[in-house]
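Read through the structure below, which is laid out as structure tokens, and then see the notes.
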Amino acid sequence: MAPLAPRSGDAVFASVERVNAELFTLTYGAIVRQLITDLEEVEEVNKQLDQMGYNIGVRLIDEFLAKSNVSRCVDFKETAEVIAKVGFKMFLGVTATVINWDAEGTSCSLVLEDNPLVDFVELPDTCQGLSYCNILSGVIRGALEMVSMKTEITWVRDMLQGDDAYELRVKLLKQVPEEYPYKDDD
Amino acid sequence: MIGVGKAKQYANVLDKPLSRGRQEVSLSAFAFLFSELVQYNQTQVDNIAELERRLEDAGYAVGARVLELLCHREKGNRRETRLLGILSFIHSTVWKVLFGKVADSLEKGTEHEDEYMISEKELLVNRFISVPKDMGAFNCGAFVAGIVRGVLDSAGFPAVVTAHFVPIEGQQRPRTTILIKFAEEVLRREARLG
């Protein structure tokens, strides 16, 4: 069977079941508030959000590959474009822009102007160090790890911290060679 | 004063126009997030009752905000003050906005005057959840029960709200019933208002 043609983010988003973004936003807010109450330290909350994102990313990549028909990207540049245009679109209904490539083509920025996580959100003075959207970086890291890419992801700009956009710096650390996962005696 | 001495500009949330609530995200994005909520809370508790209570608390926070948002956007800053009014507001308006449809049914309990039930054949949060046998009657609908309690409580109708699985004949999956038991004061007030 010939491989299916990759689908655009819009096409996939139009075909999947969707829910009101406000339910999603408010539920995420409830999670963050619960974490702040439980863990008290913003640093710990950031860590936990990243971990939750990672857990999601590890599972989400399967659905992404199954629904988008995207096959192996030729290079990291293509990977970044696919995340920005297809990945973000198909799950969150928004797209990101890829900018600021370094000379080696191993790190770039994803810029989000629209971000469904942050509607109704304002950080109080006590939470200034909180990286509210840290779950997103975790998702990307987890998903890429499942397709053999170790990455490091940091927030460069955050509108909740007073910046003019949301910017994620994605840095490819290494491509892990694929290994046959099973030993003979398993 | 907030923001003084900082070079960066903070956009005040109240200065931004209120969204019309038409934006959507994929159901799986929500399902993934909800699953993390449940899994995280599982690590924080020793028993099922405690887990349901924590999910309910998370839902309560959502409910309180949903009431404020919807009263402003859908009801022109008015909110229901009568028992049946607020129940039908939850059953239709709240459900429609949050879950994309009105709830399957809203009924009055037959045995107790103070009990009402909202039932849903397949509650959105339970769509991708199967409860392991050793967790007994645990129902993730506790989150939705929390939302309902959050709306009711914030509107001045304190109640105890719980989620239960109710088997339906001929169906593999049970439906979820959200049981609302109003506080005495609410019924007394209703009686007085006639």
Side-chain angles (χ1 to χ4, degrees), chain A residues 12-13 15-35 37-39 48-49 51-57 59-60 63-64 67 88-94 114 116-125 128 135 138-139 157-164, chain B residues 1-3 6-16 18-41 43-44 54-55 57-66 68-70 73 94 96-100 124-125 127 143-144 146-147 150:
Chain A
V12 185
F13 189 64
S15 69
V16 295
E17 275 190 79
R18 296 178 299 276
V19 294
N20 182 335
E22 282 164 352
L23 174 67
F24 180 75
T25 310
L26 292 172
T27 303
Y28 185 64
I31 294 178
V32 176
R33 250 175 289 118
Q34 232 177 20
L35 292 180
T37 315
D38 291 348
L39 305 171
Q48 181 65 34
L49 285 175
Q51 180 61 42
M52 286 176 156
Y54 178 82
N55 298 344
I56 293 176
R59 298 166 65 197
L60 167 147
E63 182 173 338
F64 171 78
K67 291 196 173 145
F88 270 103
K89 183 74 198 182
M90 99 180 231
F91 290 102
L92 297 182
V94 297
D114 217 359
L117 287 179
V118 300
D119 272 340
F120 318 122
V121 178
E122 233 175 32
L123 292 186
D125 278 357
Q128 286 304 325
I135 198 160
V139 171
R157 283 188 285 167
D158 183 341
M159 281 166 91
L160 294 177
Q161 312 269 4
D163 299 314
D164 53 351
Chain B
M1 256 168 78
I2 298 170
K6 288 178 184 144
K8 292 176 170 179
Q9 277 300 307
Y10 289 84
N12 188 322
V13 114
L14 296 175
D15 289 338
K16 290 184 235 163
L18 190 63
S19 91
R20 312 252 325 263
R22 304 259 184 276
Q23 240 196 338
E24 290 181 309
V25 298
S26 82
L27 172 60
S28 8
F30 175 76
F32 280 127
L33 188 68
F34 186 71
S35 136
E36 284 305 315
L37 171 71
V38 177
Q39 287 180 60
Y40 164 73
N41 277 302
T43 64
Q44 302 291 306
R54 286 189 57 109
L55 285 181
D57 284 350
Y60 184 93
V62 174
R65 286 162 178 79
V66 162
E68 196 178 342
L69 175 67
L70 296 189
R73 191 169 61 201
V94 172
K96 192 114 206 287
V97 169
L98 292 184
F99 308 123
L124 187 85
V125 298
R127 272 285 284 284
F143 179 72
V144 178
I147 296 181

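Since we're looking at a predicted model, the values are computed, not measured.
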Steps toward side chain to side chain contact (heavy atoms under 4.5 Å, CB included) verdict (B:Q23, A:T25):
CA-CA 11 Å; B:Q23 240 196 338; A:T25 310; over 6 Å; no

I'd like to know whether A:L23 forms a side chain to side chain contact (heavy atoms under 4.5 Å, CB included) with B:F30, so could you lay out the CA-CA distance, the side-chain angles of the two residues, the decisive distance to 0.1 Å, and finally the verdict.
CA-CA 8 Å; A:L23 174 67; B:F30 175 76; 3.7 Å; yes

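Atom-to-atom distance recorded for B:F32:CZ and A:L60:CG is 4.5 Å, nearest 0.5 angstrom. The CD atom of A:Q51 sits 10.5 Å away from the CD atom of B:Q39 when rounded to the nearest 0.5 Å. Of the inter-residue distances, the one linking A:M52 atom CE with B:S35 atom OG reads 9.5 Å to the nearest 0.5 angstrom. A distance of 8.5 Å separates OG1 of B:T43 from CG of A:D38, quoted to the nearest 0.5 Å. Of the inter-residue distances, the one linking B:E36 atom CD with A:L49 atom CG reads 10.5 Å to the nearest 0.5 angstrom. Taking CD1 of B:I147 as the start and OG1 of A:T27 as the end, the distance is 6.0 Å to the nearest 0.5 Å.
By the salt bridge (charged side-chain N to carboxylate O under 4.0 Å, His left out) test, A:D114 pairs with no residue at all, sequence neighbours left out. Scanning for ring pair (Phe, Tyr, Trp, His ring centres under 6.0 Å) contacts around B:F99 gives B:W95, with sequence neighbours left out.
Your options are A:V12, A:L92, A:V16, and the one with the most heavy-atom pairs under 4.5 Å with chain B is A:L92. The greatest number of non-hydrogen atom pairs below 4.5 Å with chain B, out of A:D119, A:L35, A:L123, A:V118, is found for A:L35. Ranked by heavy-atom pairs under 4.5 Å with chain B, the first of A:F24, A:F120, A:Y28 is A:F24.
Of all non-hydrogen atoms in A:Q34 and B:L37, the two that sit nearest each other are OE1-CD1, 3.5 Å. The heavy-atom pair separating A:A30 from B:A58 by the smallest distance is CB-O, 3.5 Å. Between A:M90 and B:S26, the closest heavy-atom pair is O-CB, 3.3 Å.
With a 4.5 angstrom heavy-atom cutoff, A:V94 touches chain B only via side-chain atoms. Neither the backbone nor the side chain of B:R22 comes within contact range of chain A; no heavy atom of the residue lies under 4.5 Å from a heavy atom of that chain. Contact annotation for A:I135: only side-chain heavy atoms (C-beta onward) come within less than 4.5 Å of a heavy atom of chain B. Only the side chain of A:F13 comes within contact range of chain B, with heavy atoms under 4.5 Å apart. Contacts of A:N55 with chain B are made by both backbone and side-chain atoms, with heavy-atom separations under 4.5 Å. Interface residue A:E17: backbone and side-chain heavy atoms are both found under 4.5 Å from chain B.
The neighbour count for A:E63 CD, taken as heavy atoms of other residues, nucleotides or ligands under 6.0 Å away, is above 12.
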